[in-house]
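Okay, structure first, notes after.
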Amino acid sequence: MRLVLIGAPAAGKGTQARKLVEYYKLAYISTGDMLREEVSKGTELGNQAKSIMASGGLVPDELIIAIVQERIKQDDCKSGFILDGFPRTEVQAEKLEEMVHIDKAIYINAPDELMLQRITARETCPKCGASYNKISLPSKVAGICDVCQEGLIQRKDDTLEAGKARLKTFHDQSEPLVEYYKKKGILFEVDGTGQLEDITKAIIQELGALA
Ligand code: AMP
């Protein structure tokens with residue numbers, strides 16, 4: 001099963017992706033995580049992406065497409081994968097379609113106001129990428145990752161200012177993908193304001209037939 005996840009920043013894409021990866025035993029591909037790793041390693045790509053990411057923009061299509069193209073060739077992707085954060089533009093979606101058949105695009109829909117609240121209260125594990133929320137989804141021990149016990153951080157782009165810019169980027173460049181996948185007949189839209197478990201259940205119910 002090959003899935004893509006679409007949604008505004010902090011809509012819960014990463015959290016849902018991790019649940020689905022576990023449930024369906026799929027490879028998890030987060031382009032955001034991959035880029036953050038490049039930034040922390042100080043590679044050429046990371047240096048190119050760093051300021052774009054901090055300002056809430058998108059890294060150039062050709063760069064991210066090349067990364068995904070290589071990643072999905074790896075062995076762990078053979079029995080399926082979830083793309084979290086890719087595609088984010090129509091050009092990316094078209095290129096992805098040339099690379100591989102996608103079974104379902106899941107759109108987690110949630111209002112901007114709630115997303116901004118979540119962005120500024122979000123804590124992320126720099127080691128495994130798990131995401132928490134100081135208000136709605138705190139880690140068991142404050143400031144420590146439940147999964148790998150690493151100290152949690154606030155992402156540089158999880159500030160109010162960068163959050164607003166990322167929401168604008170989402171509406172301008174990524175939201176048109178909802179129509180794109182609707183036209184292809186593979187869109188599943190889920191309300192992202194509900195309880196995490198209910199959202200996961202709704203997605204699994206929809207995907208049941210594909211599994
Ligand atoms: P995320 O962790 O998915 O919120 O991604 C963090 C940042 O990485 C985004 O705000 C973009 O700057 C960059 N990024 C991640 N995925 C993509 C993509 N598919 N296309 C362009 N930029 C991306």
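For the single chain, residues carry numbers from 1 onward in sequence order. Each ligand, and each atom within it, is numbered from 1 in the order the structure gives.
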I'd like to know if the side chain of [X] reaches the main chain of [Y], judged simply by a donor and an acceptor atom lying under 3.5 Å from each other, with no hydrogens or angles considered.
X	Y	result
Y132	D146	yes
S139	V141	yes
D157	G56	no

Write none if no such pair exists; otherwise list each N/O atom of ligand 1 with its protein N/O partner under 3.5 Å and the distance.
unit_1	atom_1	unit_2	atom_2	d
ligand 1	2 (O)	R36	NH1	2.9
ligand 1	2 (O)	R36	NH2	2.9
ligand 1	2 (O)	R155	NH1	3.3
ligand 1	2 (O)	R155	NH2	3.4
ligand 1	3 (O)	R88	NH1	3.0
ligand 1	3 (O)	R88	NH2	3.1
ligand 1	4 (O)	R88	NH2	3.3
ligand 1	4 (O)	R155	NH2	3.1
ligand 1	4 (O)	R166	NH2	3.4
ligand 1	12 (O)	G57	O	2.6
ligand 1	16 (N)	T31	OG1	2.8
ligand 1	16 (N)	G85	O	3.3
ligand 1	16 (N)	R88	NH1	2.9
ligand 1	19 (N)	G85	O	2.8
ligand 1	19 (N)	Q92	OE1	3.0
ligand 1	20 (N)	Q92	NE2	2.9
ligand 1	22 (N)	V59	N	3.2

Answer yes or no: is there an ion pair linking [X] with [Y], defined by an N-O contact shorter than 4.0 Å?
X	Y	answer
E197	K19	no
R18	E22	no
D158	R122	yes

